[in-house]
Amino acid sequence: MEEALLPPSNTTATATAAEEVDHQPVVTITTATYDNGDEEENDTGVYREGTIASARFNILSTMVGGGCLSLPLAFQQSGNSLLGPLLLLLTALITDFCFRLLVASAVHLKRPHSTRPGTDSFESITQEAFGPKAFIMSQLLVFFMCFFGAVGYSVLLRDMMEPVNDAILESLNLLTFIKSEWFTKNLTMFAVILLVTPATTLQTLTSLKNCGAMSMFSIFVLGSCIVFRSVQCQVNNPSPEPWYSYLTLFPDSPRELLDALPLYISCFVCHYNILPVHNELQNPTPKRVSWWLRTTTWGAFGLYLIMGWTGSAYGHCTPTGKVHGNVLLDFDKKDPLLLVGRMCLAVTITLAFPMLVIPGRDIIIRSYLPGSTTTAETPVVEQSPADDLREPLLSASSPEEGEEEDNEAAPDDEFNDEEAPLDTVSENANIDGAPPSSSYIVRLLVSIAIFWTAGTVASLVDGIEVVWDLLGSSLSILLSFLIPCGSYLVITSKETEAVSWPYDRDNNDGKRFWSRVLCWALIGIFTPLMIVSTANAVRNTFFGNN
């Protein structure tokens, strides 16, 4: 039998396998011995299988999406040559810090097992910090983030598929019979929703893990198309005004700056997936986790900076000198290169729909429908052969590839802290993080209710900037900054067993002090900003821009 153990890099491991009796699954008991003599066992048969590369890629595929098409507008509103890039940089720094706060809070409560998957979640950290009511609030927050994310992606899909939609209607001579502008505008969007609905009934997201590669490749192709057309425009534009006349340092008014801030924040939202990905990361030591989070955040920052700056510079080539909230609307609908980019983004959005619907669906089934059960109620060692075939969320393509990436990902001189021994987790925990076990009919009905409601809302929205404005001004600030900071402040004030961490290494009171000071500062800044920004977004949406 092939051994399933993927031991930590600083441990030596031995494994014994029981003989298969009466067709029962083989249970491997693994003992990992650390340098300090501590040992821990994993007799569940389930292991952490995520590499740094797969963890990074999983978060990037969640973070980077259609929201990057609104960054050119944000750059143009805030000053695309100075203040805009600085705001993007500042948002990336705060995002990286809050990612670390979430993991540090979980690790402070309980050290992760070196080989067994963890059970932490955004909701569980919130509950530990603020109580059971906060758990319900955080569930609703994640649900609405996913729901409005589906709304925003539906709007993007509708706008991008408009040339295809018109071509189909014209070829079928339907425009002479169908007089409803709403129907003709949203026909393709609802057709895609209909085709994708079966995928939203999947039991888990593991079946979609390979879709991330296609999504990121599509975004890269789209970004390349936008950059190429923007540079081409600056070179060939016959306008008497030079291209640099459209470069600005600051916003024209404080109102434009307030309009731009939610667009920057929305592009980095993926905090509810940080802990689930961390749960499956192999050997989650501070050094490896820090490298994973840092390279993820700054990889996204680099892509956003290029697309935001070049996209905003394309305003030099538009009749109004401005770009839309969806920069694709500024290009010729019949441009063959941009048509390729549109199709790539359509693929990205289509593959993202199940990832937005399934988490919200599972929250409803698990929490609000009676009779739902979780895998926590099932003994973890009594697995069926079919269970053994299920692939983990962060599974690498091959062990060699994962090991090679891990060795490259964590330079020896990055941190000097020793790798702390990792504790075991409760035997009754939901080790694989699977969602509720429910019938196909229940999953189908709940998915239809969520997905088609989001599509209906999207059909009534004029532009994508409306969705990102409302989402980034309220829910995104609360989920991305306020809850991680508040949870860290409460959890680290409790007398629990903490482990070394880049912001709290070797239980250094000074470093923890400054982390807490920064948390209080962020809460003091973003709480009034959330209120003002939300009021501005409501005014823009329902009362116009005047």
For this session: Report yes or no: does Ser124 contribute a side-chain atom to a donor-acceptor pair with the main-chain N or O of Asp120 at less than 3.5 Å?
Result: no
Exercise. With distance as the sole test, does Arg158 use its side chain to make a donor-acceptor pair with the main-chain N or O of Ala458 at under 3.5 Å?
Worked result: yes
Problem set entry | Test item: Ser70 side-chain N/O and Gly325 main-chain N/O as donor-acceptor pair under 3.5 Å | yes
Problem set entry | Close side-chain approach of Phe97 to Leu93, heavy-atom, < 4.5 Å | no
Exercise. With sequence neighbours left out, what residues match Arg516 under side chain to side chain donor-acceptor pair (under 3.5 Å)?
Worked result: Thr492
Would you list the atom pairs, donor with acceptor, under 3.5 Å between side chains in residues 141-157 and any protein atom, with sequence neighbours excluded?
{"unit_1": "Tyr153", "atom_1": "OH", "unit_2": "Gly66", "atom_2": "N", "d": "3.2"}
{"unit_1": "Ser154", "atom_1": "OG", "unit_2": "Ala150", "atom_2": "O", "d": "2.8"}

Problem set entry | side chain to side chain donor-acceptor pair (under 3.5 Å) against Asn326, all qualifying residues, sequence neighbours excluded | none
Exercise. Side chains of Ile450 and Leu356: closer than 4.5 Å at any heavy-atom pair?
Worked result: no
For this session: Determine the minimum heavy-atom distance between Ile52 and Leu281, stating which atoms define it.
Result: N-CD1, 3.9 Å
For this session: List in chain and number order the residues that pass side chain to side chain donor-acceptor pair (under 3.5 Å) with Ser266, two or more places apart in sequence or in another chain; answer none if no residue qualifies.
Result: none
For this session: Quick one: pull up CZ in Phe353 and OG1 in Thr350 and give me the separation to the nearest 0.5 Å.
Result: 6.5 Å
Problem set entry | Partners passing side chain to side chain contact (heavy atoms under 4.5 Å, CB included) against Leu529 (at least two apart in sequence or in another chain) | Leu258, Leu261, Phe526
For this session: Start with the C-alpha gap between Val269 and Leu475, add the side-chain angles, then the distance that decides, and say whether side chain to side chain contact (heavy atoms under 4.5 Å, CB included) holds.
Result: CA-CA 10 Å; Val269 175; Leu475 298 183; over 6 Å; no
For this session: Would you kindly say whether Arg48 and Asn283 are connected by a side-chain donor-acceptor distance under 3.5 Å?
Result: no
Exercise. How long is the gap from OG on Ser439 to CG on Leu445, to the nearest 0.5 Å?
Worked result: 8.0 Å
Exercise. Is there a donor-acceptor contact under 3.5 Å linking the side chains of Asn279 and Arg116?
Worked result: no
Exercise. What residue pairs, at least two apart or across chains, pass side chain to side chain donor-acceptor pair (under 3.5 Å) with a residue in residues 448-461?
Worked result: Trp182-Ser459, Thr197-Trp452
Problem set entry | Between Ser78 and Tyr264: side-chain donor-acceptor atoms closer than 3.5 Å | yes
Exercise. Can you list every pair that meets side chain to side chain donor-acceptor pair (under 3.5 Å) and has a residue in residues 518-532, with sequence neighbours left out?
Worked result: none
For this session: Please name all residues satisfying salt bridge (Lys or Arg N to Asp or Glu O under 4.0 Å) with Glu128, sequence neighbours left out, ordered by chain then number.
Result: Lys494
Exercise. So, do Tyr272 and Pro359 sit near enough that their side-chain heavy atoms are less than 4.5 Å apart?
Worked result: no
For this session: State, yes or no, whether a side-chain contact exists between Ile363 and Arg361 at a heavy-atom distance under 4.5 Å.
Result: no
For this session: Supply the atom-to-atom distance Gln77 CD to Leu263 CG, rounded to the nearest 0.5 angstrom.
Result: 6.5 Å
Exercise. Out of curiosity, Ile125 CD1 to Ile491 CD1, how far, rounded to the nearest 0.5 Å?
Worked result: 4.5 Å
For this session: Go through the steps for His271 and Phe99 under the test ring-ring contact (aromatic ring centres under 6.0 Å, His included), then give the verdict.
Result: CA-CA 7 Å; His271 297 64; Phe99 284 168; 4.8 Å; yes
Problem set entry | Residues which pass ring-ring contact (aromatic ring centres under 6.0 Å, His included) with Phe268, listed by chain and number, not counting sequence neighbours | Tyr304
Seminar exercise, completed: Heavy-atom closest pair (Thr126 atom, Ser487 atom, distance to 0.1 Å) is CA-OG, 4.2 Å
For this session: Work out which heavy atom in Cys267 is nearest to a heavy atom in Leu71; give both atom names and the distance.
Result: SG-CG, 3.7 Å
Seminar exercise, completed: Value for OG1 (Thr534) from CG (Leu478), rounded to nearest 0.5 Å, stands at 9.5 Å
Exercise. With sequence neighbours left out, what residues match Gln127 under side chain to side chain contact (heavy atoms under 4.5 Å, CB included)?
Worked result: Pro132, Phe135
Exercise. So which heavy atom on Cys519 is nearest to which on Tyr488, and how close?
Worked result: SG-CD2, 3.7 Å
Exercise. With Phe301, which residues qualify under side chain to side chain contact (heavy atoms under 4.5 Å, CB included), at least two apart?
Worked result: Leu88, Leu89, Ala92, Trp298, Leu305
Exercise. Of all residues at least two apart in sequence or in a different chain, which pass the side chain to side chain donor-acceptor pair (under 3.5 Å) check with Thr91?
Worked result: none
For this session: Could you please spell out the steps behind the side chain to side chain contact (heavy atoms under 4.5 Å, CB included) verdict for Ser480 and Cys98?
Result: CA-CA 7 Å; Ser480 302; Cys98 290; over 6 Å; no
Problem set entry | Close side-chain approach of Leu90 to Leu86, heavy-atom, < 4.5 Å | no
Seminar exercise, completed: Nearest heavy-atom contact between Ile59 and Cys270 is CG2-SG, 3.5 Å
For this session: Check for a donor-acceptor pair, side chain of Ser533 on one end and backbone N or O of Met530 on the other, with a separation under 3.5 Å.
Result: no
Exercise. Do the non-hydrogen side-chain atoms of Phe122 and Ile483 ever get within less than 4.5 Å of each other?
Worked result: yes
Problem set entry | pair Pro262-Ser476: side-chain heavy atoms closer than 4.5 Å | no
Problem set entry | Nearest-0.5 Å distance, OG1 of residue Thr95 to CG of residue Leu293 | 11.5 Å
Problem set entry | Non-hydrogen atoms of Met216 and Leu60 that approach each other most closely | SD-O, 3.7 Å
Exercise. Within the distance-only criterion (no hydrogens, no angle test), does the side chain of Ser54 pair as donor or acceptor with the backbone N or O of Thr51 below 3.5 angstrom?
Worked result: yes
Exercise. If we ignore angles and hydrogens, is there a donor and acceptor under 3.5 Å between the side chains of Thr295 and Arg56?
Worked result: yes
Exercise. Hey, does Pro354 have a side-chain heavy atom less than 4.5 Å from the side chain of Val196?
Worked result: yes
Problem set entry | Side-chain donor or acceptor of Arg100 paired with backbone N/O of Ser290 under 3.5 Å | yes
